[in-house]
Number of protein chains: 2
Amino acid sequence: MEQAGNKTDSKIAVESKKGDIAREKILDAARRVFSRHPYHEASLRMIAKEGGFDHPLIRYYFPSKADLFGAVVAEVVDEFYAAHFVWMKGLDLLPPGKGLALLIERIVDHHYESPNGMRIIMQNISRTEALDAIPGYPLIPQLLAVMRSNFRQKVLLSGPEAEIGQFFASLFVTIVLYLGASSTTAQFLGLDHAGPHYRAWLKSSLVFQFLPWLTRLSLPTS
Amino acid sequence: MEQAGNKTDSKIAVESKKGDIAREKILDAARRVFSRHPYHEASLRMIAKEGGFDHPLIRYYFPSKADLFGAVVAEVVDEFYAAHFVWMKGLDLLPPGKGLALLIERIVDHHYESPNGMRIIMQNISRTEALDAIPGYPLIPQLLAVMRSNFRQKVLLSGPEAEIGQFFASLFVTIVLYLGASSTTAQFLGLDHAGPHYRAWLKSSLVFQFLPWLTRLSLPTS
DNA sequence: TTATTTTTTTGCCGACTGTAAAAATAGAAT
DNA sequence: ATTCTATTTTTACAGTCGGCAAAAAAATAA
């Protein structure tokens, strides 16, 4: 949004022409709308109104609605890809209990700073048909696989590989549910999804739900 | 669908006039469509095509799309309400570990016999705004409260009331996620959501995820 | 300045939506 | 048989959708 000082030195930012900031403006508006509405319910006109421009402008930068959504998902996946390196920093130096607690704390804090990513994923995760029907969504299992692989190299686990994969998948989908649909989940708990109570519940409950599992995977054999 | 022998003895089924079977035909088709598509994506014409009738017929029995969806959700909630009594039968005679395993096994088996209920709930659970925006959905927290209350009377728990509520809410939303979005969840696990592997994984994984929590709630103090 | 390119806006298309009312059909009662 | 009512089908409408083309505007280059 704010790219100050670009008026005078237009030569420095060769790549960032005027069109690029318009492109980002569209992506930002689309992110907000797609985080509130599933793919088919969100419309290009909604996005245009959200961003304060006319809807055919979208077509100038993105050939179709599917392309726009795909670009948004790709952006979100990229951000998660970058973030998960930070999340894992120093995790190998801690015992499983502390490590899992720190990891979850980092993920939750990240979400409260930038909640749209989880929400966009969550909005479209429920369909019975193949996930491939939603543009960009095939990237998500890939992201999960990369995260698992990197975590695998970082932290020493001794359980069978298949169960480690299941542990990660469970943790991942549960986090997406608790964070991405936090409004609904919090309502079931009788909490306010934006308040500190729910945020604290998230951290303790996720640790409590997954620590026994992780413990089993990090010990030689039970 | 099949109500044979109604031609001759039309006097017996006084309540079930001709219109009532049409009403059920519509509800059945709507159930199937709403289990595959979120509320706004599903259309009355989809439902009509699914059921093999003309779409304005819906309006004769249901004043609006919201009313139809509300009737479907009410039906689903009623079925869950009836089912949860069966799920809890005999649970008080078992230790927590066996009891939770049996409960989950019953829920999973129920879902595989009639999967549409969980799917319909899951399809529309992700929206950020209030759950009340979806017709019929305010019934769901009520259902959860009733189930919790009945379980509370059946099984002896000693933990703080607030945590018991959180335990139930977590178990509930996790089951809805794992079952209602089984296609996606199974894909993350690398399994086929209709196959026996995923079904077995569901049972063991849910028990493993929630037994430690339940154990804490059923003991005097840790 | 003028000429050229890039960006934005206006207007429209066919398809689809929920809702509405009219027309057709069926069944039962008189 | 006819009349009346309940049910179903047909037709229609006003609104929104994604996509497209051409005009208008703005920015850039000459």
Side-chain angles (χ1 to χ4, degrees), chain A residues 3 6-30 33-34 36-72 124 133-136, chain B residues 3 6-30 33-34 36-72 124 133-136:
Chain A
Q3 290 186 331
N6 254 7
K7 274 179 189 169
T8 53
D9 49 356
S10 61
K11 287 174 188 171
I12 298 179
V14 182
E15 286 280 339
S16 144
K17 296 195 233 167
K18 182 186 177 188
D20 285 334
I21 81 159
R23 203 187 133 96
E24 273 197 32
K25 182 174 66 178
I26 294 171
L27 275 173
D28 278 358
V33 171
F34 283 132
R36 290 195 296 265
H37 305 276
Y39 177 69
H40 283 100
E41 183 184 327
S43 76
L44 298 178
R45 286 169 172 86
M46 271 188 213
I47 295 167
K49 179 180 276 186
E50 169 81 28
F53 45 84
D54 300 288
H55 77 269
L57 182 62
I58 297 173
R59 204 182 106 80
Y60 183 72
Y61 293 93
F62 302 93
S64 73
K65 181 183 176 182
D67 287 304
L68 171 60
F69 186 79
V72 169
N124 304 91
I134 302 291
Chain B
Q3 290 186 331
N6 254 7
K7 275 179 189 170
T8 54
D9 50 357
S10 61
K11 286 174 188 171
I12 298 180
V14 182
E15 285 281 338
S16 142
K17 296 195 236 170
K18 184 182 178 188
D20 284 333
I21 81 158
R23 202 188 134 96
E24 273 196 33
K25 182 174 66 178
I26 293 171
L27 276 173
D28 278 358
V33 170
F34 283 131
R36 290 195 297 266
H37 305 276
Y39 177 69
H40 283 99
E41 183 182 326
S43 77
L44 297 179
R45 285 168 174 84
M46 271 188 213
I47 294 167
K49 178 179 277 185
E50 170 79 28
F53 44 84
D54 299 290
H55 76 269
L57 182 62
I58 297 173
R59 205 180 110 78
Y60 184 74
Y61 292 93
F62 302 94
S64 72
K65 180 184 177 181
D67 287 303
L68 171 61
F69 186 78
V72 169
N124 304 91
I134 302 290

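Proteins come first, then strands; the chains are lettered A, B, ... in the order of their sequence lines, and each starts at number 1. Since we're looking at a predicted model, the values are computed, not measured.
The CG atom of A:D54 sits 5 Å away from the P atom of C:dT10 (whole-angstrom rounding). If you take CG of B:L57 and P of C:dG18, they are 15 Å apart, rounded to a whole angstrom. A:K25 has its NZ atom 12 Å from the P atom of C:dT7, to the nearest Å. When rounded to the nearest whole Å, the span between OH of A:Y61 and C1' of C:dT9 equals 13 Å. One interatomic measurement links the two molecules: CG of B:D20 to C1' of D:dA6, which rounds to 12 Å at whole-angstrom precision. Residue A:F62 contributes atom CZ, which lies 15 Å from atom P of D:dG18 at whole-angstrom precision. One can place CD1 of B:I21 at 16 Å from P of C:dA26, the figure rounded to the nearest angstrom. When the P atom of D:dT7 is taken as reference, atom CZ of B:R23 falls 12 Å away, rounded to whole Å.
Interatomic distance, CG of B:L57 versus CD1 of B:I26, reported as 4.0 Å (0.5 Å rounding). Atom NZ of A:K25 and atom CD1 of A:I58 lie 10.5 Å apart (nearest 0.5 Å). Here A:E24 contributes atom CD and A:I21 contributes atom CD1; the two are 8.5 Å apart, rounded to the nearest 0.5 Å.
Residues meeting the side-chain hydrogen bond (donor to acceptor under 3.5 Å, both in side chains) test with A:H40, sequence neighbours left out: B:E41. For B:F62, there are no ring-ring contact (aromatic ring centres under 6.0 Å, His included) partners, not counting sequence neighbours. Scanning for side-chain hydrogen bond (donor to acceptor under 3.5 Å, both in side chains) contacts around B:S64 gives B:D67, with sequence neighbours left out. With sequence neighbours excluded, the residues satisfying side-chain contact (heavy atoms from CB on, under 4.5 Å) with B:R45 are B:S43, B:H55. For A:Y39, the ring-ring contact (aromatic ring centres under 6.0 Å, His included) partners are A:F69, not counting sequence neighbours.
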- Item | Pair assignment for DNA chain C - dot-bracket with | for other-strand partners, Watson-Crick or G-U under 3.5 Å | |||||||||||||||||||||||||||||.

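The listed nucleotides are D:dT10, C:dT10, C:dT19; the one nearest the side chain of B:S64 is C:dT19.
Residue B:Y60 places at least one side-chain N or O closer than 4.0 Å to OP1 or OP2 of D:dT7.
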Identify the pairs formed between an N or O of the protein and an N or O of nucleotides 20-25 of chain C at a distance under 3.5 Å, and give each distance.
unit_1, atom_1, unit_2, atom_2, d
C:dA20, OP2, B:R59, NH1, 2.4

Show the atom names and distances, to 0.1 Å, of all donor-acceptor pairs under 3.5 Å that link a side chain in residues 46-54 of chain B to residues at least two apart or in another chain.
unit_1, atom_1, unit_2, atom_2, d
B:E50, OE1, B:R36, NH2, 2.7
B:E50, OE2, B:R32, NE, 2.6

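Heavy-atom distances under 4.0 Å link DNA chain C to B:A42, B:S43, B:L44, B:R45 of residues 42-50 of chain B, given in residue order.
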